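Okay, structure first, notes after.
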Amino acid sequence: MPELSRRRALTAAAVVAGAPLVAAPAARAADRDHDSHGSHESHGSPDAFDEVYKGRRIQGRTAGGSGHHHGGGYGVYVDGVELHVMRNADGTWISVVSHYDPVPTPRAAARAAVDELQGARLVPFPAG
């Protein structure tokens with residue numbers, strides 16, 4: 001059996017480290033395609049929701065009015081306070097609370113914000 005050279009060890013380490021980076025986008029795309037079949041999200045605005053998650057009331061609905069919305073006219077609220085959300089070009093959603101963790105739906109963005117807030121009150125985001 002040939003001796004393991006430094007070059008082979010580094011190459012193998014690079015391949016192992018890079019595998020999740022290649023697999024993750026494909027998995028997210030497959031999940032997004034799977035989740036959007038048969039729902040209204042694939043045709044525009046996501047479905048409305050109103051639920052209690054970990055003791056916090058989260059809501060999502062079509063936003064009317066002249067507010068500052070990057071969410072394509074969709075508003076998300078945690079305990080009645082608007083959570084600023086934005087829809088990315090790839091269809092994922094981010095919020096001002098969990099900006100670097102895109103999720104597939106506004107409901108998931110609201111849940112992620114509740115998790116991140118850990119019981120703290122959501123402070124309104126200035127729209128001006």
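From a predicted model like this one, the values you see are computed outputs, not experimental measurements.
Rounded to the nearest 0.5 angstrom, K54 NZ and R111 CZ are separated by 10.0 Å. Note that CZ of R107 and CG of D50 are 9.5 Å apart. Values are rounded to the nearest 0.5 Å.
Put simply, the side chain of R57 does not reach to within 4.5 Å of the side chain of Y77, judged on heavy atoms. With a 4.5 Å cut-off on side-chain heavy atoms, P106 and V85 do not count as touching. At a threshold of 4.5 Å between non-hydrogen side-chain atoms, the residues D101 and E116 do not count as touching.
Heavy atoms only, all atoms of each residue included: S45 and T62 are closest at OG-OG1, 3.7 Å. Smallest separation of non-hydrogen atoms from W93 and P46: CZ2-CG, 3.6 Å. L122 approaches E82 most closely through the heavy-atom pair CD2-O, 3.8 Å. Listed here is the closest heavy atom pair of I94 and P102: CG2-CA, 3.7 Å. For the pair Y53 and I58, the tightest heavy-atom approach, listed with the atom from each and the gap, is CB-CD1, 3.9 Å. For A109 against S95, the heavy-atom pair with the smallest separation is O-OG, 4.5 Å.
Between the side chain of D90 and the backbone N or O of T92 there is at least one donor-acceptor pair closer than 3.5 Å.
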